[in-house]
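The structure appears below as structure tokens.
Quick note on labels: first sequence line is chain A, next is B, and so on, each numbered from 1. What you see is a predicted model; the values in this text were computed from it and never measured.
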2 protein chains.
Amino acid sequence: MSSSPNPAPPYASLDDTDRAILAELAADGRLPNNALAERVGVAPSTCLARTRALHGCGAIRGFHAEVDPAAMGLPLQALISVRLSAHDRAVVAAFRARSVRLPGMVAVFHVAGADDYVLHVRAASADALRDFVLDHLAVDPAVQHTQTSLIFEQARGLG
Amino acid sequence: MSSSPNPAPPYASLDDTDRAILAELAADGRLPNNALAERVGVAPSTCLARTRALHGCGAIRGFHAEVDPAAMGLPLQALISVRLSAHDRAVVAAFRARSVRLPGMVAVFHVAGADDYVLHVRAASADALRDFVLDHLAVDPAVQHTQTSLIFEQARGLG
DNA sequence: ATTCAGCCCGAACAAAATTCGGGAGCATTG
DNA sequence: CAATGCTCCCGAATTTTGTTCGGGCTGAAT
């Protein structure tokens with residue numbers, strides 16, 4: 001009923017209005033449709049159709065509240081660099097699929113370089129974080145090596 | 001009219017309803033208040049008051065659309081590890097404040113370990129990414145060293 | 001036992017989302 | 001050149017949602 005049904009067409013024709021809508025909604029996901037319409041300079045009905053189309057073609061992937069992790073009892077965050085023992089497509093895809101479902105997982109980055117993945121995770125405590133690494137990563141035969149960096153502070157970018 | 005006016009009181013008393021609201025809104029930031037109320041098992045008016053309180057006390061920091069970077073003409077993403085040349089509070093704070101305003105910046109992580117910061121950035125092309133590093137990081141006297149890892153793929157976590 | 005504070009609810013009101021029919025601009029076509 | 005079909009946009013009517021407000025319940029302190 002919601003997400004993107006298309007197999008990712010190349011973003012053919014996004015005009016300035018579309019990009020303005022994306023920028024506004026990225027900054028404030030709860031901007032009312034009529035206020036959004038006024039800001040980007042079209043009628044509310046038009047704006048709604050645009051927004052739906054953007055959502056339908058996958059340009060808008062979803063809307064999310066940004067929640068303070070501490071409020072959910074997960075005050076610790078970490079970036080975990082993961083090096084895999086093999087790099088065939090199947091191993092990599094399987095690791096990714098498994099990773100996104102791990103508890104406390106915020107984001108999974110498949111990166112170029114010495115390490116293969118960087119995982120952004122949340123945890124309730126240092127013990128929980130250690131257990132996370134031991135229980136879910138260290139035991140994984142696809143994982144050769146991990147390095148955990150505690151996040152002192154995180155800030156959203158503006159650009 | 002919107003953001004958090006309080007100086008961040010420790011999250012004293014969040015009950016199960018509050019946590020349910022946070023979880024639902026983190027998963028779907030556009031869930032109507034009606035539907036949200038039904039899911040967490042309270043009246044719409046109560047739910048609205050709860051949500052406002054959560055927003056007011058900083059537990060909810062904001063709402064944002066998740067936009068496909070490619071749709072905004074920024075198909076490349078990278079994680080840039082940054083090592084600073086000094087670590088006094090002033091230098092670190094200044095770097096953070098500068099970073100969040102850089103164009104294409106998605107998130108700034110202040111981390112423990114050999115590196116001081118990890119920057120998540122978007123760019124229009126490889127050239128633009130190189131220019132970003134050269135123009136904004138390499139020239140910064142506070143920056144001792146950077147290492148850029150291209151992001152092949154990114155996925156949101158579910159837990 | 002009474003008072004009081006805090007919380008929750010449900011109905012009334014206001015505001016927003018959504019639908020729908022029609023009109024303007026434009027490229028193709030007879 | 002005129003006609004056709006297409007796409008996109010708009011604005012009013014309808015439905016859904018957000019929001020306010022007064023009253024009732026529970027539990028603790030007096």
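Side-chain atoms of A:Gln154 and B:His110 include no donor-acceptor pair closer than 3.5 Å.
When rounded to the nearest whole Å, the span between CG of A:Leu31 and C1' of C:dA15 equals 15 Å. Atom P of nucleotide C:dT18 and atom CG of A:Asn33 are separated by 7 Å, given to the nearest angstrom. The nearest whole Å value for the distance from the CD1 atom in A:Ile21 to the C1' atom in D:dC9 is 13 Å. Summarising the geometry, the separation between NE2 on A:His55 and C1' on C:dA17 is reported as 16 Å, rounded to the nearest angstrom. For the pair A:Asn34 CG and C:dA14 P, the computed distance is 17 Å after rounding to whole Å. Separating the CG atom of B:Asp15 from the P atom of C:dC7 is a distance of 10 Å, rounded to the nearest angstrom. Distance B:Leu14 CG to C:dC7 P: 13 Å, rounded to the nearest Å. Remark: P of C:dC8 and CG of B:Asp18 are 9 Å apart, rounded to the nearest angstrom.
Contact annotation: A:Arg50 does not reach the phosphate of D:dC10 (side-chain N/O to OP1 or OP2, under 4.0 Å).
Relative to the side chain of B:Ser45, the nucleotides C:dT19, D:dT17, D:dC21 differ in distance, and D:dC21 lies closest. Taking only side-chain atoms of B:Leu48, from C-beta outward, the nucleotide of C:dA17, D:dT19, D:dT17 with the closest atom is D:dT19. The side chain of B:Thr46 lies closest to C:dC8, out of C:dC8, D:dG11, D:dT20. Taking only side-chain atoms of A:Arg52, from C-beta outward, the nucleotide of C:dA17, D:dT19, C:dT19 with the closest atom is C:dT19.
Applying the salt bridge (Lys or Arg N to Asp or Glu O under 4.0 Å) test to A:Arg19 and every residue at least two apart in sequence or in another chain returns A:Asp16.
Across all strands shown, B:Arg30 has no heavy atoms under 4.0 Å from either base or sugar-phosphate atoms.
Ion pairing of A:Arg50 with A:Asp15 is present here, as a side-chain N (NZ or NE/NH1/NH2) and a carboxylate O approach within less than 4.0 Å. Contact check on A:Asp116 versus A:Arg83 returns no salt bridge, with no Lys/Arg side-chain nitrogen under 4.0 Å from an Asp/Glu carboxylate oxygen.
B:Phe95 and B:Tyr117 have their aromatic ring centers within a separation under 6.0 angstrom.
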